[in-house]
Amino acid sequence: MRVLSCKFLGRVVNSALPQQIISLRSLSKTSAAMVKVGDSLPAVDLFEDSPANKINTGDLVNGKKVIIFGVPGAFTPGCSKTHLPGYVSSADELKSKQGVDEIVCVSVNDPFVMSAWGKEHGAAGKVRLLADPAGGFTKALDVTIDLPPLGGVRSKRYSLVVENGKVTELNVEPDGTGLSCSLANNIGKK
């Protein structure tokens, strides 16, 4: 288990959280703390392709090694030019050399936008694009960032590796939006 040396400079966002997230937080040692290596991944419903297709993060990572990376927004320049394409092009290598079962991109967007973005980048079979429309998963990880030009509360840019439900690697961009430690080529490297 490791944490890539990325400095976390964010602030805690205090907002009304859904009851399931409050329950998850009350079980942790400290409240409103960013997810860390060794933590269990929160079980939150995300959506793939449409609001009818719920994907629970607990079920998604159960018995698997999964890379999850978060982006501030689909179709935004850094996410579309660098972050998502890096994972799409590295997917086969990450799966074969590092034993990764799935690669998942999460953003505070609606499922239709995430689906269209994935199609535009040829992500099918390589990276699953899951929508976190209300930010429940992002809030549970405590990786929110307020970006008014993008609509308000969004996700910081991060990557994490989860093995059988436990976070084994965590990389959060120092400013929340940069493109350094959370890129595909940094997974599994110290």
Side-chain angles (χ1 to χ4, degrees), residues 1-4 6 8 10 21 24 33-49 53-74 78-79 82-95 98-109 111 113-115 117-118 121 123-145 154-173 176-189:
M1 293 191 288
R2 70 177 189 85
V3 176
L4 191 66
C6 275
F8 176 68
I21 295 171
L24 288 169
M34 186 175 69
V35 66
K36 55 192 173 306
V37 170
D39 286 353
S40 293
L41 191 73
V44 177
D45 288 336
L46 299 175
F47 301 88
E48 187 170 37
D49 299 325
N53 192 16
K54 285 185 186 180
I55 307 295
N56 185 274
T57 55
D59 296 336
L60 177 71
V61 300
N62 188 27
K64 299 179 194 170
K65 183 175 183 181
V66 179
I67 295 171
I68 300 173
F69 67 101
V71 297
C79 303
T82 305
H83 214 184
L84 177 58
Y87 279 95
V88 170
S89 66
S90 299
D92 293 336
E93 181 180 347
L94 289 166
K95 290 176 181 179
Q98 296 199 30
V100 172
D101 297 297
E102 290 203 66
I103 302 170
V104 175
C105 176
V106 176
S107 183
V108 180
N109 281 112
V113 167
M114 293 297 283
S115 179
W117 190 43
H121 287 279
K126 296 178 182 268
V127 176
R128 292 177 75 177
L129 280 87
L130 302 183
D132 186 16
F137 182 69
T138 302
K139 291 172 185 172
L141 294 178
D142 194 28
V143 290
T144 60
I145 187 169
R154 293 296 184 127
S155 175
K156 291 180 181 181
R157 193 179 305 278
Y158 68 88
S159 64
L160 53 88
V161 178
V162 182
E163 296 185 48
N164 197 26
K166 297 281 186 190
V167 176
T168 59
E169 181 179 330
L170 173 64
N171 311 299
V172 179
E173 292 295 340
T177 60
L179 288 159
S180 61
C181 66
S182 66
L183 299 175
N185 62 353
N186 288 320
I187 297 293
K189 296 180 181 174

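Of all heavy-atom pairs between Val108 and Gly135, the closest is CG2-CA, 4.1 Å. Annotation for Val113 and Ala74: closest pair CG1-CB, 3.7 Å, computed over non-hydrogen atoms. Across every non-hydrogen atom of Pro42 and Leu141, the tightest pair is CD-CD2, 3.8 Å. When all heavy atoms of Trp117 and Cys79 are compared, the closest pair comes out as CZ2-O, 3.5 Å. The heavy-atom pair separating Arg154 from Ser107 by the smallest distance is NH1-OG, 4.4 Å. Between Thr168 and Glu163 the shortest heavy-atom distance is OG1-OE2, 3.2 Å.
Put simply, the side chain of Asn109 never gets that close to the backbone of Gly73: no donor and acceptor are under 3.5 Å apart. Side chain of Arg128 to backbone of Val104: no donor-acceptor contact under 3.5 angstrom is found. At distances below 3.5 Å, at least one donor-acceptor pair connects side-chain atoms of Glu173 with backbone N or O atoms of Cys181. One N or O on the side chain of Asn186 and one on the backbone of Ser180 form a donor-acceptor pair closer than 3.5 Å. Between the side chain of Thr57 and the backbone N or O of Val44, at least one donor-acceptor pair lies under 3.5 Å.
Contact check for Tyr158 versus Ile68: side-chain heavy atoms found under the 4.5 Å cut-off. At a threshold of 4.5 Å between non-hydrogen side-chain atoms, the residues Lys139 and Asp132 do not count as touching. Counting heavy atoms from C-beta on, the side chains of His83 and Cys105 never come closer than 4.5 Å. The shortest side-chain heavy-atom distance between Val172 and Leu160 does not fall under the 4.5 Å cut-off. At a threshold of 4.5 Å between non-hydrogen side-chain atoms, the residues Val167 and Lys36 do not count as touching.
The distance from atom CD1 of Ile67 to atom CG of Asp101, rounded to the nearest 0.5 Å, is 10.0 Å. Here the CG atom belonging to Asn185 is positioned 9.5 Å from the CD atom belonging to Glu93, to the nearest 0.5 angstrom. The line from CG of Leu170 to CE of Met34 is 5.0 Å long, rounded to the nearest 0.5 Å. Rounding to the nearest 0.5 Å places CZ of Arg157 at 8.0 Å from OG1 of Thr82.
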Distance-only criterion, 3.5 Å: show the donor-acceptor pairs between side-chain atoms of residues 84-92 and protein atoms not counting sequence neighbours.
| residue | atom | partner | partner atom | Å |
| --- | --- | --- | --- | --- |
| Tyr87 | OH | Ser182 | O | 2.7 |
| Ser89 | OG | Pro85 | O | 3.1 |
| Ser89 | OG | Gly86 | O | 3.3 |
| Ser90 | OG | Gly86 | O | 2.9 |
| Asp92 | OD2 | Lys126 | NZ | 3.4 |

Step by step, work out the side-chain contact (heavy atoms from CB on, under 4.5 Å) result for Lys95 and Ile103. CA-CA 8 Å; Lys95 290 176 181 179; Ile103 302 170; 4.3 Å; yes

Under the side-chain contact (heavy atoms from CB on, under 4.5 Å) criterion, do Leu130 and Phe137 qualify, and how do the steps go? CA-CA 11 Å; Leu130 302 183; Phe137 182 69; over 6 Å; no

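Lys64 meets the salt bridge (charged side-chain N to carboxylate O under 4.0 Å, His left out) test with Glu102; sequence neighbours excluded. With sequence neighbours excluded, the residues forming a side-chain contact (heavy atoms from CB on, under 4.5 Å) with Lys166 are Ser40, listed by chain and number. Under the side-chain contact (heavy atoms from CB on, under 4.5 Å) criterion, Asn62 pairs with Asn164, sequence neighbours left out. Legend: residues meeting side-chain contact (heavy atoms from CB on, under 4.5 Å) with Gln98, ordered by chain and number and at least two apart, are Lys65, Leu94, Val100, Ile187. Legend: residues meeting side-chain contact (heavy atoms from CB on, under 4.5 Å) with Thr177, ordered by chain and number and at least two apart, are Pro72, Ile145, Leu147, Asp175.
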